[in-house]
Enquirer: 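Input: one structure, supplied below.
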There are 2 protein chains.
Amino acid sequence: MGKRKITSTNTVNRDYLKNECGTMYALTLLAGRWKMTILHKLSKKDLRFTEFKLCIPNISDRMLSLHLKEMEKDGLIERKLYAEVPPKVEYKLTPSTRKLISIWDRMNVWGNNHREIQENNVQR
Amino acid sequence: MGKRKITSTNTVNRDYLKNECGTMYALTLLAGRWKMTILHKLSKKDLRFTEFKLCIPNISDRMLSLHLKEMEKDGLIERKLYAEVPPKVEYKLTPSTRKLISIWDRMNVWGNNHREIQENNVQR
DNA sequence: CCCATTTCTAACAAAATTGTGAGTTGCTAA
DNA sequence: TTAGCAACTCACAATTTTGTTAGAAATGGG
């Protein structure tokens with residue numbers, strides 16, 4: 001997400017839903033093409049900007065940068081800058097975000113299961 | 001989502017991610033402004049088209065219709081048409097979707113917790 | 001015949017997200 | 001002095017999602 005027009009019906013609706021309940025709030029933070037992937041990679045290991053680009057082949061500089069910035073603002077990840085040249089920046093999960101992982105495990109099981117059901121239905 | 005240009009980088013990336021893991025697949029199905037709300041309402045009670053419009057005040061006919069159609073295709077809900085005039089249609093969750101609800105409970109707890117952390121940070 | 005009801009659809013417009021390609025900064029090693 | 005690296009940023013374009021307004025179809029009641 002870039003800039004939003006805060007008076008648009010679209011944004012008004014989004015904000016309304018975001019405040020409705022915790023689930024919607026969470027999903028709002030996680031929406032964004034590469035955010036889940038970024039978090040997934042970070043759950044294995046802290047990563048630098050260029051490392052992300054290597055392990056997420058199709059992501060562009062711009063999207064990576066945008067997403068990282070938003071996720072930092074949203075308290076999902078932390079940014080650590082080392083005083084080196086050339087610059088070194090490392091990203092890591094926040095403690096709160098680590099707690100999401102066990103939930104994802106269940107979501108993963110559900111997703112794979114549902115996908116199988118869907119594929120069987122389509123074949124008929 | 002309406003029609004997609006299947007050759008666009010955007011769609012190629014999306015499809016790639018959708019096949020990556022169950023979590024991403026699940027989130028792809030649930031993305032869409034009102035989908036979670038629709039499912040949440042259905043978790044309480046089966047609903048007709050006009051009933052949705054009453055309990056989700058800001059939703060437009062078009063978005064409701066689009067979402068319902070996609071969710072049916074995705075196996076998230078079922079559509080039951082009664083042979084009456086004027087027409088009567090009832091929507092309900094599929095058994096698979098019901099299993100999501102306990103996961104949402106945890107997501108809800110996480111979301112509310114995370115929101116609190118965030119609000120405290122902003123106040124500093 | 002005219003109207004009301006219910007479940008949508010169609011055409012169009014606005015806004016948001018995602019992608020592309022090039023450029024920036026600051027230092028250091030050759 | 002030129003090149004190179006790491007981590008971005010910028011302007012612009014393409015694509016996708018969301019919203020608005022006006023209907024359509026089928027049928028029973030008055």
Side-chain angles (χ1 to χ4, degrees), chain A residues 1-18 27-38 46-54 56-72 77 79-91, chain B residues 1-18 27-38 46-54 56-72 77 79-91:
Chain A
M1 323 136 180
K3 288 154 198 167
R4 287 184 151 260
K5 193 170 175 181
I6 59 169
T7 57
S8 70
T9 307
N10 191 326
T11 292
V12 170
N13 282 341
R14 172 192 142 112
D15 290 348
Y16 162 70
L17 291 171
K18 190 170 173 182
L27 289 185
T28 306
L29 300 192
L30 299 175
R33 181 64 91 240
W34 309 92
K35 284 190 182 173
M36 289 297 292
T37 307
I38 289 170
D46 297 349
L47 290 170
R48 305 176 58 177
F49 197 89
T50 36
E51 288 173 325
F52 278 119
K53 299 210 298 176
L54 291 176
I56 309 177
N58 293 328
I59 200 170
S60 66
D61 281 15
R62 175 172 139 72
M63 286 311 290
L64 180 54
S65 181
L66 261 183
H67 279 160
L68 289 174
K69 205 177 294 182
E70 281 193 359
M71 293 164 87
E72 196 197 350
I77 61 176
R79 181 178 185 274
K80 187 169 178 190
L81 170 66
Y82 294 82
E84 293 182 15
V85 169
K88 176 176 172 181
V89 178
E90 254 187 10
Y91 293 93
Chain B
M1 322 132 180
K3 287 155 198 164
R4 285 182 152 259
K5 193 170 175 182
I6 60 169
T7 58
S8 71
T9 306
N10 191 326
T11 292
V12 169
N13 283 341
R14 174 192 141 112
D15 290 349
Y16 162 71
L17 291 171
K18 189 170 173 181
L27 289 184
T28 306
L29 300 192
L30 300 175
R33 178 67 90 240
W34 309 91
K35 285 190 181 172
M36 289 296 294
T37 307
I38 290 171
D46 298 347
L47 290 170
R48 305 177 58 177
F49 198 89
T50 34
E51 289 174 325
F52 277 119
K53 299 209 301 176
L54 291 176
I56 309 178
N58 293 328
I59 200 170
S60 67
D61 280 15
R62 173 172 142 74
M63 287 311 291
L64 179 55
S65 182
L66 261 184
H67 280 160
L68 289 173
K69 205 177 296 181
E70 282 194 357
M71 292 164 87
E72 195 197 352
I77 61 176
R79 180 179 186 274
K80 188 170 177 188
L81 170 66
Y82 294 82
E84 295 182 11
V85 169
K88 174 176 175 182
V89 178
E90 253 187 12
Y91 293 93

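Just so you know, these numbers come straight off a predicted model, no measurement behind them. Naming: A, B, ... by sequence-line order, numbering from 1 per chain.
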Enquirer: Looking only at heavy atoms, which two atoms of L64(B) and F49(B) are closest? And how far apart?
Expert: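 Minimum heavy-atom contact is CD2-O, 3.7 Å.
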
Enquirer: Please give, in whole Å, the distance from dC8(C) P to L47(B) CG?
Expert: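 These atoms are roughly 13 Å apart.
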
Enquirer: Taking only N and O in the side chain of K69(A), is any of them less than 4.0 Å away from OP1 or OP2 of dT9(D)?
Expert: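 Yes, such a contact exists.
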
Enquirer: Can you tell me how far apart NZ (K18(A)) and CG (L29(A)) are? Round to the nearest 0.5 Å.
Expert: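 That separation rounds to 5.5 Å.
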
Enquirer: Nearest whole Å is fine: how far is dT18(C) P from D15(B) CG?
Expert: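 Computing the D15(B):CG to dT18(C):P distance gives 14 Å.
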
Enquirer: Looking for any heavy atom pair under 4.0 Å, which part of the strands does R33(B) touch: base, sugar-phosphate only, or nothing?
Expert: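 Touches sugar-phosphate only.
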
Enquirer: For dC8(C) and R79(B) - does any side-chain N or O of the residue sit under 4.0 Å from the phosphate oxygens OP1/OP2?
Expert: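 Yes.
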
Enquirer: Provide, to the nearest angstrom, the distance between the CG atom belonging to L64(B) and the P atom belonging to dT21(D).
Expert: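 For the pair L64(B) CG and dT21(D) P, the rounded distance is 18 Å.
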
Enquirer: At under 4.0 Å between heavy atoms, what does Y91(B) touch on the DNA or RNA strands: base, sugar-phosphate, or nothing?
Expert: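 Counting heavy atoms under 4.0 Å across all strands, the contact made by Y91(B) is with sugar-phosphate only.
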
Enquirer: Take the protein atom CG of L29(A) and the nucleotide atom P of dT17(C), then report the distance between them rounded to whole Å.
Expert: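 Distance, rounded to whole Å: 13 Å.
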
Enquirer: Any side-chain N or O of S65(B) below 4.0 angstrom from OP1/OP2 of dT7(C)?
Expert: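 So the side-chain polar atoms of S65(B) never come under 4.0 Å of the phosphate oxygens OP1 or OP2 of dT7(C).
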
Enquirer: Within the 4.0 Å heavy-atom criterion, would you say S60(A) contacts the bases, only the backbone, or no part of the nucleic acid?
Expert: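 Base contact.
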
Enquirer: Using heavy-atom distances to pick each residue's nearest nucleotide on DNA chain C, tell me which of R62(B) and R48(B) is more 5'.
Expert: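 Comparing both residues, the 5'-ward one is R48(B).
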
Enquirer: dA7(D), dT18(C), dA15(C): which one has an atom nearest the side-chain heavy atoms of S8(A)?
Expert: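 The listed nucleotide nearest to S8(A)'s side chain is dA15(C).
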
Enquirer: Nearest nucleotide by nearest heavy atom, which residue falls closer to the 5' end of DNA chain D, P87(B) or N10(B)?
Expert: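 Mapping each residue to its closest nucleotide by heavy atoms, the 5'-most match is N10(B).
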
Enquirer: Starting at CE of M63(B) and ending at C1' of dA15(C), how long is that distance when rounded to a whole Å?
Expert: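 Whole-Å distance recorded here is 12 Å.
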
Enquirer: Just checking L54(B): does its CG atom have more than 12 heavy atoms from other residues, nucleotides or ligands closer to it than 6.0 angstrom?
Expert: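 Buried by this count: over 12 neighbours within 6.0 Å.
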
Enquirer: Quick one: pull up CD1 in I56(B) and CZ in R33(B) and give me the separation to the nearest 0.5 Å.
Expert: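 The distance works out to 13.0 Å.
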
Enquirer: Is K88(A) close enough to dA6(D) that one of its side-chain N or O atoms is under 4.0 Å from OP1 or OP2 there?
Expert: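 Answer is no, no contact under 4.0 Å.
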
Enquirer: NA contact type, D61(A), heavy-atom cut-off 4.0 Å: base, sugar-phosphate, or nothing?
Expert: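 Here D61(A) touches the bases of the nucleic acid.
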
Enquirer: Would you say R79(B)'s side chain and L68(B)'s backbone share a donor-acceptor pair under 3.5 angstrom?
Expert: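 Flag not set: sc R79(B) to bb L68(B) has no pair under 3.5 Å.
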
Enquirer: Below 4.0 angstrom from OP1 or OP2 of dG19(C), is there any side-chain N or O of T9(B)?
Expert: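 So the side-chain polar atoms of T9(B) never come under 4.0 Å of the phosphate oxygens OP1 or OP2 of dG19(C).
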
Enquirer: In whole Å, what is the span from the NZ atom of K5(B) to the P atom of dA14(D)?
Expert: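 K5(B) atom NZ is separated from dA14(D) atom P by 9 Å.
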
Enquirer: Return the minimal non-hydrogen interatomic distance between T11(B) and K5(B), and the atom names on each side.
Expert: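 Between these two residues, the closest heavy atoms are OG1-O, 3.3 Å.
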
Enquirer: When the nearest nucleotide of DNA chain C is assigned to V85(A) and to P86(B) on a heavy-atom basis, which residue is associated with the more 5' position?
Expert: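 Its nearest nucleotide being more 5', the pick is P86(B).
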
Enquirer: Within the structure, does a side-chain N or O atom of W34(B) lie under 4.0 Å from either OP1 or OP2 of dG19(D)?
Expert: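 Yes, within the criterion.
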
Enquirer: Which of the following nucleotides, dC12(D), dT16(D), dC8(D), is nearest to the side chain of T11(B)?
Expert: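 Selected nucleotide: dT16(D).
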
Enquirer: Take the protein atom CD1 of I59(A) and the nucleotide atom C1' of dG19(C), then report the distance between them rounded to whole Å.
Expert: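 After rounding, the reported distance stands at 11 Å.
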
Enquirer: Given dT18(C), dT18(D), dT17(D), identify the nucleotide with an atom nearest to the side chain of R14(B).
Expert: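 That would be dT17(D).
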
Enquirer: Send over the distance from Y82(A) OH to dC5(D) C1', rounded to a whole Å.
Expert: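 My rounded result for the distance is 18 Å.
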
Enquirer: Counting only side-chain nitrogens and oxygens, does N13(A) get under 4.0 Å of the OP1 or OP2 atom of dG19(D)?
Expert: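 Yes, such a contact exists.
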
